[in-house]
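Chain A is the first sequence line, chain B the second, and so forth, proteins listed ahead of strands; every chain is numbered from 1.
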Amino acid sequence: MRDQPGLIDTEDAPRRLVGRRIYYRKLRTAGADRWRRLRYPFTRRTPLLLDSAFNPRTLVAERTIVDKRPLYWLAFFAVLAAAGPLAGDTLLGAATIFGIYAAINVIWLLVIGTAGIFSLATLAVVGTAAYGAAYMSIHAGLPWWGMIAVGPVFGLLFGVVIAIPATRIDGFYYALLTLGLTELCRVYVVQSQALGSATNGLYGADGILPDGASLRAQLVVSYYGAVVLLIAALALFRLVNGQRLGRLLRASPERREAFAQALGVDYRTARIKVFLISSAALGVVGGFYAVNFRGASPSLFSMDSLLLLLAMVVIGGIGRPEGAVLGTAIVVAIDRLLIGLGPLRLILVGLIMIGTVLFLHNGLVGIKQQFRNWRDRKRSEHRAKRDIRGGEYMPEEATEVRDKQLIAFRRFQRGVRESLKPLITDDLIEAHRRAPCGPHDDRLSRVLNYFRRASVVDKYAILAVRPFAEYRLVALSGQRGVPPRLIDDRSFATEEEAIHAVFLRRVQDLLES
Amino acid sequence: MTFDPAYIILTTASLASIYGLLAIGISIIWSSLGMINMAHGFTFAFAGYGAWIAAHTLSASAPAVLLAGIAAGALSGLAIAGVAFIPLYDKPNFPLRSLIATLGISLLGAQALLYVFGPRVKALPRIFGYGRFHLFGIAITADKLGTIICAPVVLLAVLIWARTSRRGLQIRAMMQNPEGAALVGVGLRSTALAVMALTGGLAGLAAVLLSQTYYVSPYSGLTPLLKGMIVALAGGLGSIPGALIAAVCIGFVETLTAVTLGGKFVLITQFLFIIVVLLIRPRGIAGMLEQTRE
């Protein structure tokens with residue numbers, strides 16, 4: 001998963017193979033700074049995962065930010081905070097919608113990402129809460145904060161309704177059931193007199209600012225409300241996904257329930273819990289929606305809204321909050337800022353959605369990993385295509401050798417052999433035969449120096465069976481206590497002849513290598 | 001409205017015919033290709049527009065309109081196979097990705113129809129005429145009678161074709177075991193195209209038949225898609241007899257609700273029905289065992 005650059009050179013740490021390492025920018029650090037961390041108060045947890053180590057080559061203390069995502073989030077929040085007074089009215093309205101939908105998507109992620117249940121009733125929960133809150137505000141005079149407070153109650157009620165079948169029905173069956181449930185809500189809302197079938201929606205609920213407030217003030221207040229909602233949704237995601245409940249859910253994805261159960265995971269309770277939590281949270285969003293738009297409209301339940309919501313999650317990538325936020329930003333920007341395109345907007349969204357599904361494995365946030373995998377595969381294919389041995393190793397297996405010096409050494413040896421081979425001629429052999437021990441010319445000296453540097457293992461040697469009368473060729477074992485072995489039946493009368501025979505054998509080995 | 005058994009039977013039969021056409025399409029696609037075709041509603045609407053174009057440019061006669069609807073549906077089915085099945089079927093996480101792809105097609109398709117034809121609804125010519133017939137003592141309109149006759153005949157023809165022809169054998173082999181079928185030489189892509197054309201044609205027929213009563217609009221496929229899904233789910237995805245039984249049951253529930261409680265409760269009672277069915281049998285009335293498909 002996450003690789004830790006500081007640990008790369010210790011023996012037991014998992015290390016990336018050569019050519020597949022990730023580049024990390026190194027920060028300078030010194031002394032006790034290496035150990036200093038920003039920590040959440042009263043805990044040992046750090047917001048930013050830092051790694052400090054000494055560079056094995058230069059011995060300089062270095063710091064690496066292993067996971068830069070918190071920095072990106074911080075920059076994103078800063079932009080959001082600054083956008084309120086700066087952005088124009090249209091942009092601010094779109095940003096409010098973005099905040100609301102991003103909050104919905106992040107909460108939805110708990111169900112489709114963490115729990116792995118493909119529920120399509122998300123907008124139905126939001127819509128029910130919005131309608132409930134708007135209805136109570138209109139008919140019971142509930143103030144705006146009461147609407148946000150009563151939203152989760154309606155959400156929870158709806159959550160119970162959709163959680164019960166989720167314990168028994170799974171996969172497509174559940175997706176289609178929730179889809180049908182949404183349509184059922186739409187038909188009911190469209191036909192119901194009490195829920196504003198005549199006015200195409202239920203309007204007239206209480207807002208945060210009084211009716212006389214300026215448009216700009218309303219826009220800014222709505223915008224910051226949506227931003228707070230988004231941050232709260234992200235915190236909830238972090239809390240549920242990162243803690244025990246999220247672990248339980250991720251341990252028991254669909255079709256592996258039996259395995260999880262065998263480990264002692266009570267997945268049914270965990271699923272019901274996550275449904276109730278996410279439904280209550282969606283209820284809050286629904287309450288805010290009703291406050292923000294002073295009511296609710298049946299378009300919340302429409303198939304197109306649901307498909308847009310799905311497009312947001314799919315384009316960003318299912319399973320990661322940054323994906324949900326990014327996808328929402330893209331789709332809302334297309335939908336709200338390119339109004340002039342008319343129906344072409346949704347066609348564009350549909351095209352992006354289909355393109356994402358066809359070409360990307362996990363939406364836009366998965367692009368980095370997908371690109372790395374692709375690049376590694378291409379590199380590996382490229383290495384495998386080279387058929388010349390780089391030294392003793394094929395290029396492909398060279399990535400698996402841990403001692404990189406060995407590879408360099410063998411590559412060097414190979415270069416030396418290649419440069420020596422053209423030197424071997426009949427003249428050279430004849431010169432050696434005439435004077436095996438004498439002073440040699442430059443070319444023969446080079447060849448002999450190479451032979452002398454050979455490893456002791458299997459090195460040729462001369463055995464004096466009877467000094468000055470009989471010599472034979474042996475090969476050293478290279479192991480203490482293991483005697484040399486005879487390599488052939490020939491025996492030589494003089495030492496010079498034997499030396500030349502060794503020379504011939506080694507020339508042969510050199511030319512064959 | 002009177003509580004008349006003959007009326008209930010005839011209405012049930014006409015609803016069940018149309019639901020059956022859609023549900024069998026969805027069911028066959030799921031069991032042979034392993035994908036949920038959420039773009040079936042788009043096929044439905046597309047076929048409606050195809051029939052409308054044919055009625056206005058070629059001829060308004062019954063065979064021409066029916067054939068045009070079927071051809072347009074088959075064309076749309078082929079297009080869906082080309083986008084959502086053929087590039088994806090050997091990729092990881094195929095079921096979810098194809099589901100999303102077909103949802104994308106349905107989003108894109110409805111908007112494209114809206115863009116091309118405008119929001120105004122279109123009416124198809126009454127291909128069965130305006131006559132009224134008296135059957136079992138009650139009056140029945142020509143379009144309903146046409147539906148009751150036409151849909152089962154086509155469905156029966158398709159089922160016989162699936163039982164006897166070579167291509168039908170291939171489709172049935174793929175429904176039983178796609179890997180095994182591929183091993184013994186059944187072409188996955190060509191069979192998929194055949195399945196999608198066939199089911200698209202059935203949806204096109206349903207579109208023409210239903211458009212005798214309702215209008216053709218870019219979103220007209222949504223309700224039929226949902227009802228077809230409900231029927232396919234209740235019947236058990238992948239089972240043709242199950243889909244037929246469920247179509248009759250759901251049609252009966254709808255008629256009964258409309259007669260006793262009123263039209264706006266139809267979807268609610270249907271949902272209660274399917275939830276009860278699924279809670280009792282999570283794989284539908286005649287659903288296949290899980291390992292058969294996976």
Does atom CZ of B:Arg120 have more than 12 heavy-atom neighbours from other groups under 6.0 Å away? no

To the nearest 0.5 Å, what is the distance between CD on B:Gln270 and CG on A:Leu184? 9.5 Å

To the nearest 0.5 Å, how far apart are OG in B:Ser106 and CG in A:Asp304? 8.0 Å

Over all atoms of both residues, closest heavy-atom pair of A:Val357 and B:Arg97: O-NH2, 2.8 Å

Point-to-point distance, once rounded to the nearest 0.5 Å, from NZ of B:Lys91 to NE2 of A:His361: 6.5 Å

Roughly how far, to the nearest 0.5 Å, is the SG atom of A:Cys185 from the CZ atom of B:Phe271? 9.0 Å

Need one label for B:Leu88: side chain, backbone, both or neither, based on atoms under 4.5 Å from any heavy atom in chain A. side chain

Of the listed residues (A:Leu308, A:Val349, A:Val187, A:Leu344), which shares the most heavy-atom pairs with chain B below a 4.5 Å separation? A:Leu344

As an exercise: rank A:Val190, A:Leu310, A:Leu177 by heavy-atom pairs under 4.5 Å with chain B and give me the winner. A:Leu177

Could you grab the distance from atom CG of B:Leu222 to atom CE of A:Met303, nearest 0.5 Å is fine? 5.5 Å

Considering only heavy atoms and a distance below 4.5 Å, find which of B:Leu99, B:Asn93, B:Thr102, B:Ile230 pairs most often with chain A. B:Leu99

Quick check on the interface: out of B:Leu108, B:Ile105, B:Thr223, who has the most heavy-atom pairs with chain A under 4.5 Å? B:Leu108

Structural part of A:Ile352 lying under 4.5 Å from a heavy atom of chain B: neither

Atom OH of B:Tyr89: over 12 foreign heavy atoms under 6.0 Å: yes

Under 4.5 Å to a heavy atom of chain A? For B:Leu113 that would be neither

For the CZ atom on B:Phe117, are there more than 12 heavy atoms of other groups (residues, nucleotides or ligands in this structure) within a distance under 6.0 Å? yes

Contact class of A:Ile112 relative to chain B, heavy atoms under 4.5 angstrom: neither

Considering only heavy atoms from C-beta outward, does the side chain of A:Leu179 approach that of B:Met229 to under 4.5 Å? no

Pick one of side chain, backbone, both or neither for A:Ile354, based on which atoms fall under 4.5 Å of a heavy atom in chain B. side chain

Working to the nearest 0.5 angstrom, can you tell me the gap between B:Tyr115 OH and A:Arg345 CZ? 12.5 Å

Quick check on A:Phe118 against chain B: is it the side chain, the backbone, both or neither that has a heavy atom closer than 4.5 Å? side chain

Greatest number of non-hydrogen atom pairs under 4.5 angstrom with chain B, of A:Ile347, A:Ile318, A:Leu351, falls to A:Ile347

Chain A shares the most heavy-atom pairs under 4.5 Å, among B:Ala232, B:Pro95, B:Ala110, with B:Pro95

